[in-house]
Amino acid sequence: SATVFTPNITIGITDWWNITFSQVMGRRYMTWGVDRITPHHRDEGSDSDFDNAVGGILGDSRIMLRFLALNAGEGPGLRLFLGGGIGIPSKNQLTKSPFLKNEDGNYDKHRHFSMSEGIYKAIFETQFFVKRMKNPVFAGGTFSIEQPLGESEYGYKGSRLVDFSLTAFSKKIKIINGSIGGNIMVRNTSEAYWNGIEAPNSISTLVIPGIGGLWSLGFATLSVNVQKPIFIDGAFSGGDGDSNEKTDTWQISIGMRRILDYYIP
């Protein structure tokens with residue numbers, strides 16, 4: 001299981017440019033629930049150190065610069081953002097491949113998961129949305145690519161991540177005093193490597209449908225979204241790699257956004 005908190009702040013530089021700073025924080029935890037432990041399995045969390053892991057709560061931080069290439073103003077019309085940036089790793093990462101075997105042909109004790117992959121990433125994204133007077137009043141999509149820049153200091157080269165998503169929201173519905181929306185994402189990850197050796201289970205393709213709601217609280221906007229990742233190809237990247245695995249995942253996201261109403265002199 002994973003509990004993740006991602007605070008971020010966006011600063012308008014001009015009418016057409018803004019910059020966003022974000023930081024992933026949280027904990028990933030494996031519940032084993034069996035008296036006997038194995039080299040792979042035990043009750044443990046990513047906040048603690050282990051034989052092949054530096055523990056902690058910090059994941060990657062990110063700096064994104066976005067350009068508003070197309071804007072129809074406050075009313076109905078089109079919005080197009082183009083953006084790019086860099087992902088900066090934390091030290092809370094794996095220090096040795098969990099897939100290596102010792103001289104006896106057995107696995108040493110290891111962990112498969114961490115809060116950061118330990119690699120810098122180049123990020124490209126584009127966002128295109130349409131605001132309308134009738135349902136759905138807000139619809140559009142995003143496309144993003146995260147490309148690893150080299151390896152971690154421990155020899156890990158992560159996957160290229162490609163995301164494509166579509167989102168739509170309704171008008172305000174009186175009975176819930178908010179809007180409802182649907183979304184679907186397609187996500188693909190490429191092969192990852194440990195010291196030039198392919199990492200099992202790193203290639204995957206997922207379809208992630210979801211449904212959510214949006215409410216104005218006066219002082220902020222609240223969003224709640226429930227998603228159900230479905231593996232079309234590949235498997236969970238935190239798995240053992242050579243096991244007969246079955247993955248059943250749910251994701252719940254709660255977000256709050258507030259305009260600070262502060263202007264930099």
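Since the model is a prediction, treat every value here as computed from it, not as a measurement.
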Starting from [Y], can I reach [X] by hopping between I/L/V/M/F/W/Y residues whose side chains sit under 4.5 Å apart?
X: F143; Y: V207; result: yes
X: F164; Y: F124; result: yes
X: L166; Y: V162; result: yes
X: L68; Y: W17; result: yes

Can N71 and W16 be said to form a side chain to side chain contact (heavy atoms under 4.5 Å, CB included), step by step?
CA-CA 9 Å; N71 180 27; W16 305 102; 4.1 Å; yes
Supply the atom-to-atom distance [X] [atom1] to [Y] [atom2], rounded to the nearest 0.5 angstrom.
X: I232; Y: I208; atom1: CD1; atom2: CD1; answer: 10.5 Å
X: I259; Y: F219; atom1: CD1; atom2: CZ; answer: 13.5 Å
X: T126; Y: F67; atom1: OG1; atom2: CZ; answer: 11.5 Å
X: R36; Y: R42; atom1: CZ; atom2: CZ; answer: 12.0 Å
X: W215; Y: I173; atom1: CH2; atom2: CD1; answer: 9.5 Å
X: Q227; Y: I184; atom1: CD; atom2: CD1; answer: 10.5 Å

Any donor-acceptor pair under 3.5 Å from [X] side chain to [Y] backbone:
X: N102; Y: D104; result: yes
X: D108; Y: N106; result: no
X: T95; Y: N52; result: yes
X: S165; Y: V186; result: no
X: S159; Y: L161; result: no
X: Q23; Y: G59; result: yes
X: R111; Y: L94; result: no
X: N92; Y: S116; result: no
X: S152; Y: G118; result: no
X: W250; Y: P229; result: no

Using a cut-off of 6.0 Å, state whether more than 12 heavy atoms not belonging to [X] lie near its atom [atom1].
X: R257; atom1: CZ; answer: no
X: M256; atom1: CE; answer: yes
X: I254; atom1: CD1; answer: no
X: K91; atom1: NZ; answer: no

Side chain proximity check, [X] to [Y], heavy atoms < 4.5 angstrom:
X: I13; Y: I19; result: yes
X: T31; Y: D43; result: yes
X: P136; Y: F169; result: no
X: L222; Y: L214; result: no
X: K121; Y: Q147; result: no
X: Y120; Y: I88; result: yes
X: L58; Y: V24; result: no
X: I119; Y: K157; result: no

Report the relative orientation of the aromatic rings in H41 and W32; use parallel for angles under 30°, tilted for 30 to 60°, perpendicular for over 60°.
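Correct class here is parallel.
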Determine the interplanar angle of the F129 and F138 rings, folded into 0 to 90°, and report it as parallel if under 30°, tilted if 30 to 60°, perpendicular if over 60°.
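F129 vs F138 ring planes: parallel.
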Going through the distances and angles, do H112 and F99 end up as a ring-ring contact (aromatic ring centres under 6.0 Å, His included)?
CA-CA 9 Å; H112 280 275; F99 304 107; 5.3 Å; yes
Please name all residues satisfying side chain to side chain donor-acceptor pair (under 3.5 Å) with R66, sequence neighbours left out, ordered by chain then number.
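R66: side chain to side chain donor-acceptor pair (under 3.5 Å) contacts with T20, E125.
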Ion pair check, R160 and E146, cut-off under 4.0 Å
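The answer is no: the pair does not qualify as a salt bridge.
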Are a donor atom and an acceptor atom from the side chains of [X] and [Y] found within less than 3.5 Å of each other?
X: T189; Y: S204; result: yes
X: K172; Y: N177; result: yes
X: N195; Y: E151; result: no
X: Q127; Y: T142; result: no

Might you point out which heavy atoms bring [X] and [Y] nearest each other, and give the distance in Å?
X: E44; Y: Y29; answer: O-CD1, 3.1 Å
X: Y156; Y: A192; answer: OH-CB, 3.5 Å
X: V130; Y: R132; answer: CG1-CG, 3.7 Å
X: E117; Y: D60; answer: N-OD1, 4.3 Å
X: W194; Y: A199; answer: CD1-CB, 4.2 Å
X: R28; Y: F113; answer: O-CE1, 3.5 Å

Quick one: do I123 and M64 satisfy side chain to side chain contact (heavy atoms under 4.5 Å, CB included)? Show the steps, please.
CA-CA 8 Å; I123 306 166; M64 292 292 297; 3.8 Å; yes
Applying side-chain hydrogen bond (donor to acceptor under 3.5 Å, both in side chains) to N225 and S253, what does each step give before you reach the verdict?
CA-CA 5 Å; N225 194 46; S253 301; 5.3 Å; no
So I11 and F21, side chain to side chain contact (heavy atoms under 4.5 Å, CB included) or not? Walk me through it.
CA-CA 9 Å; I11 300 171; F21 304 89; 4.2 Å; yes
Start with the C-alpha gap between V4 and Q251, add the side-chain angles, then the distance that decides, and say whether side chain to side chain contact (heavy atoms under 4.5 Å, CB included) holds.
CA-CA 11 Å; V4 179; Q251 177 173 301; over 6 Å; no
Intermediate values then yes/no, side-chain hydrogen bond (donor to acceptor under 3.5 Å, both in side chains), S114 and Q93
CA-CA 5 Å; S114 60; Q93 57 187 283; over 6 Å; no
